[in-house]
Undergrad: 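I am attaching a structure below and will ask some questions about it afterwards.
Below, chain A is the first sequence line, B the second, and so on; all start at residue 1. From a predicted model like this one, the values you see are computed outputs, not experimental measurements.
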There are 2 protein chains.
Amino acid sequence: MAHKQAYHHGDLRASIISAATARLELHGIEQLSLRKLAEDLGVSRTAPYHHFKDKNALLSAIAATGFENWKVTAQSIFEREDLPAKTRLTRFIHAYIHYAAQHPQLYDLMFGRTLWQHNNATEDLKAVAYPTFHYQVSMTRHWQQHGLLPADTDALRLAQVTWGTLHGIARLVIDGVYANSSHIDDMCDTAAALFMQQYRGAADPAG
Amino acid sequence: MAHKQAYHHGDLRASIISAATARLELHGIEQLSLRKLAEDLGVSRTAPYHHFKDKNALLSAIAATGFENWKVTAQSIFEREDLPAKTRLTRFIHAYIHYAAQHPQLYDLMFGRTLWQHNNATEDLKAVAYPTFHYQVSMTRHWQQHGLLPADTDALRLAQVTWGTLHGIARLVIDGVYANSSHIDDMCDTAAALFMQQYRGAADPAG
DNA sequence: ATGCAATATTGACAGTGTCAAGATAGATTT
DNA sequence: AAATCTATCTTGACACTGTCAATATTGCAT
């Protein structure tokens with residue numbers, strides 16, 4: 001990949017993203033500085049600016065990779081048509097919170113104010129993120145149709161609320177506000193039970 | 001309050017908190033700098049350090065006032081014993097999200113990673129915040145006992161999940177991730193319906 | 001009045017993101 | 001092969017940030 005000490009790094013953009021992701025997961029976003037990053041890569045302070053317009057652009061690129069990875073995981077659960085719908089929904093809930101708990105800094109970047117608050121997100125990031133959000137809605141609609149979630153509610157609103165539940169639990173855990181990470185699975189099961197109150201005791205429909 | 005141009009400000013600590021809160025709500029936490037704050041108050045850069053150990057201590061103090069205000073609002077709803085329990089729970093949900101939507105920056109400070117992640121919160125703040133968290137649990141237990149929330153679930157876990165739902169919706173709204181603030185009331189009603197699925201159509205018990 | 005503690009000040013340091021101007025090297029055209 | 005173009009990288013600089021150390025001023029208690 002990278003040459004020894006050439007004037008041109010060779011693959012600086014990818015190297016920056018990878019080093020930044022590593023630093024992010026390890027030390028948190030507060031410690032993620034472009035200058036330190038450049039130093040780690042043996043490159044001048046301003047070199048990254050030839051590959052990213054500014055820090056936000058780099059953060060957006062990191063978040064984008066996170067969305068791509070997450071979508072693979074989500075789909076691999078949602079599309080397991082051999083499993084009962086109820087199992088899939090429960091698994092999805094657990095997977096969501098565990099993803100957040102295992103990549104707290106990345107999750108914060110993907111779903112936090114840093115990128116979304118002042119429209120800081122790059123167009124590239126939006127192009128990856130928005131479909132993920134919409135995917136959440138279509139999953140919700142699917143679960144409504146299979147009787148797992150209340151059917152007499154607008155799918156978009158219900159998706160916002162159920163996603164909000166997962167998001168909120170994830171945030172409470174990763175931000176260290178109140179919940180403890182040792183309670184994760186209990187909370188997931190509780191959330192699943194709350195979602196599927198109607199469904200209790202009924203037979204599990206296929207699909 | 002403040003003297004004209006005296007060497008000693010007179011009431012600097014309170015002035016800082018008030019100015020900082022105003023700046024926070026107006027420009028966001030990213031723009032909240034101790035130096036600008038000092039300049040606004042006509043005081044040197046390091047003067048605030050005689051009243052707050054560091055920036056975290058100031059932020060903790062601001063958050064603490066937020067918790068005090070919120071607890072008043074929450075209690076004023078919860079203790080309205082003249083209203084049916086279902087109404088109170090619904091009102092509580094709306095009040096929670098509206099509080100967050102009306103004080104987005106303050107909410108972020110109160111319930112965000114800035115103060116809670118690396119144990120940055122002051123002991124003073126914890127002394128105010130933790131009771132608020134526990135209050136949430138006792139409200140949940142109360143609503144379980146009145147049949148509004150599933151009774152066969154551990155109150156602590158259920159509180160974490162229901163609070164998580166509100167927290168998640170609040171964050172999605174104030175962080176500008178997906179939900180739009182014009183959908184707030186719809187989302188609150190959807191959340192209320194999700195919580196009280198069992199309860200549908202049943203008569204509203206008093207208390 | 002004297003001394004002490006609270007409060008405020010200037011100076012300094014290390015750190016940040018990012019712009020401007022110039023250097024280098026690889027690719028493209030002539 | 002030579003010249004030019006363009007992507008890439010560099011140093012220098014600026015305006016910020018939080019915070020420490022040393023110093024000055026003031027009000028209060030003795």
Side-chain angles (χ1 to χ4, degrees), chain A residues 1-20 23-24 27-63 105 109 113-115 117-122, chain B residues 1-20 23-24 27-63 105 109 113-115 117-122:
Chain A
M1 298 247 178
H3 304 290
K4 294 181 182 179
Q5 272 292 69
Y7 192 86
H8 289 74
H9 179 282
D11 196 14
L12 188 53
R13 191 191 144 91
S15 299
I16 290 173
I17 294 185
S18 131
R23 254 202 116 88
L24 174 76
H27 301 101
I29 197 172
E30 301 87 359
Q31 303 291 333
L32 188 66
S33 110
L34 285 182
R35 295 174 97 114
K36 276 187 190 138
L37 225 47
E39 196 175 7
D40 282 3
L41 294 171
V43 121
S44 80
R45 296 149 268 160
T46 56
Y49 284 86
H50 294 272
H51 301 275
F52 302 97
K53 180 180 160 283
D54 54 18
K55 195 178 181 181
N56 266 318
L58 169 58
L59 296 179
S60 291
I62 297 172
Q105 309 287 347
L109 199 58
R113 49 185 287 146
T114 308
L115 290 175
Q117 185 147 73
H118 300 301
N119 209 27
N120 286 333
T122 317
Chain B
M1 300 256 177
H3 304 290
K4 293 183 180 177
Q5 272 292 74
Y7 191 86
H8 288 74
H9 179 282
D11 196 16
L12 188 54
R13 192 191 143 92
S15 300
I16 290 173
I17 293 184
S18 133
R23 251 201 118 88
L24 174 77
H27 301 102
I29 197 171
E30 301 87 359
Q31 303 290 333
L32 188 67
S33 109
L34 284 182
R35 295 174 96 113
K36 275 186 190 141
L37 224 48
E39 196 175 8
D40 282 5
L41 294 171
V43 122
S44 79
R45 297 151 266 158
T46 56
Y49 284 86
H50 293 274
H51 300 275
F52 303 96
K53 180 180 160 283
D54 54 17
K55 195 178 181 180
N56 267 317
L58 170 58
L59 296 178
S60 291
I62 297 173
Q105 309 288 346
L109 199 57
R113 49 184 286 145
T114 308
L115 289 175
Q117 185 147 72
H118 299 301
N119 209 27
N120 286 334
T122 317

Undergrad: Looking at His50(B) and dA8(C), is any side-chain donor or acceptor paired with a base atom of the opposite kind under 3.5 Å?
TA: yes

Undergrad: Restricting to side chain to side chain donor-acceptor pair (under 3.5 Å), what partner residues turn up for Thr122(A), sequence neighbours left out?
TA: Ser60(A)

Undergrad: Quick one: which of dC9(D), dT19(D), dT18(C) gets closest to the side chain of Asp54(A)?
TA: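 Taking heavy atoms from C-beta onward, the closest nucleotide is dT18(C).
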
Undergrad: Is there a residue in residues 27-38 of chain A whose heavy atoms reach under 4.0 Å of DNA chain C, and which residues are they?
TA: Leu32(A), Ser33(A), Leu34(A), Arg35(A), Lys36(A)

Undergrad: Under the side-chain hydrogen bond (donor to acceptor under 3.5 Å, both in side chains) definition, can you give me all pairs with a residue in residues 46-56 of chain A, not counting sequence neighbours?
TA: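 Sorted pair list comes back empty.
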
Undergrad: Work out which heavy atom in Thr114(B) is nearest to a heavy atom in Asn120(B); give both atom names and the distance.
TA: O-ND2, 3.1 Å

Undergrad: According to salt bridge (Lys or Arg N to Asp or Glu O under 4.0 Å), who are the partners of Glu30(A), at least two apart in sequence or on a separate chain?
TA: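 For Glu30(A) the salt bridge (Lys or Arg N to Asp or Glu O under 4.0 Å) partners, ignoring immediate neighbours, are Arg113(B).
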
Undergrad: Using the side-chain heavy atoms of Ser44(A), tell me which of these nucleotides is nearest: dG18(D), dC9(D), dA8(C).
TA: dC9(D)

Undergrad: Does Ile16(A) reach the side chain of Leu34(A), with side-chain heavy atoms less than 4.5 Å apart?
TA: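 No, their side chains stay 4.5 Å or more apart.
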
Undergrad: List in chain and number order the residues that pass side chain to side chain donor-acceptor pair (under 3.5 Å) with Arg23(A), two or more places apart in sequence or in another chain; answer none if no residue qualifies.
TA: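 Side chain to side chain donor-acceptor pair (under 3.5 Å) list for Arg23(A), sorted by chain: Asp40(A).
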
Undergrad: Could you work out how much the helix from dA1(C)-dT30(D) to dT30(C)-dA1(D) bends, comparing the axis of its first five pairs with that of its last five, to 10°?
TA: 10°

Undergrad: So do the side chains of Arg13(B) and Ile17(B) get within less than 4.5 Å of each other, counting heavy atoms only?
TA: yes

Undergrad: Taking all heavy atoms of Leu32(A) and all of Leu24(A), pick out the closest pair and write down the distance.
TA: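 Looking at all heavy atoms of both residues, the shortest contact is CD1-N, 4.2 Å.
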
Undergrad: As a test of reading the structure: which of dC9(D), dA21(D), dT11(D) is closest to the side chain of Thr46(B), going by heavy atoms?
TA: dA21(D)

